[in-house]
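Written out below as structure tokens is the structure these notes cover.
Keep in mind that the numbers below use all heavy atoms, side chains included, and drop hydrogens, waters and symmetry copies. Source: prediction; values computed, not measured.
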Amino acid sequence: MILEVADIRIQPGQQEAFDQAIQRGLQEVISKAKGFRGFKVQKGIESADRYLLMIYWETLENHTVDFRESPAFIQWRAIVGPFFAAPPVVEHFNLLAESA
């Protein structure tokens, strides 16, 4: 399993609307994507306009090819993209260790 981490910065004062938009996008678009295994969204405390979106994918290609090159990606960006202050920084990770 692969973990995608997107560091998202939104426009100031848009937190409430973005909270709704990201949840809608995850439920309506991302959760239906090939290889999707789950997600978490963390909101910044010190930086109220910062979010960490973590999506678990079966394979790296499920995100980078199957999703990013599909019409679903355009739908996703139409829902959340208008809130972005800058393009999200996205990286992928393999699990090294975890607690019991």
Give the ring-plane orientation class for His63 versus His92, where under 30° counts as parallel, over 60° as perpendicular and anything between as tilted.
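His63 vs His92 ring planes: tilted.
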
What's the spacing between [X] [atom1] and [Y] [atom2] if we round to 0.5 Å?
| X | Y | atom1 | atom2 | answer |
| --- | --- | --- | --- | --- |
| Arg50 | Lys43 | CZ | NZ | 14.5 Å |
| Glu61 | Lys34 | CD | NZ | 10.0 Å |
| Phe83 | Ile10 | CZ | CD1 | 7.5 Å |
| Arg37 | Trp57 | CZ | CH2 | 10.0 Å |
| Phe93 | Glu4 | CZ | CD | 10.5 Å |
| Ile8 | Gln42 | CD1 | CD | 12.0 Å |

Taking the side chain as every heavy atom from C-beta outward, state whether [X] and [Y] have any atom pair closer than 4.5 Å.
| X | Y | value |
| --- | --- | --- |
| Asn94 | Ile2 | yes |
| Ile30 | Phe73 | no |
| Leu26 | Leu53 | yes |
| Phe18 | Gln11 | no |

With the 4.5 Å side-chain cut-off for hydrophobic clustering, are [X] and [Y] part of the same group?
| X | Y | answer |
| --- | --- | --- |
| Phe84 | Leu52 | no |
| Tyr51 | Tyr56 | no |
| Ile79 | Phe39 | yes |
| Val41 | Trp76 | yes |

Heavy-atom pair of closest approach, residues [X] and [Y]:
| X | Y | value |
| --- | --- | --- |
| Ala78 | Pro82 | O-CD, 3.4 Å |
| Ala6 | Val90 | CB-CG2, 3.9 Å |
| Ser70 | Asp66 | CB-O, 3.2 Å |
| Val29 | Ala72 | CG1-O, 3.3 Å |

Count the heavy atoms belonging to other residues, nucleotides or ligands that lie under 6.0 Å from CD1 of Ile45, then report whether that count exceeds 12.
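Result for CD1/Ile45: open.
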
Mind running side-chain contact (heavy atoms from CB on, under 4.5 Å) on Phe36 and Ile55 for me, showing each step along the way?
CA-CA 8 Å; Phe36 169 81; Ile55 301 176; 3.9 Å; yes

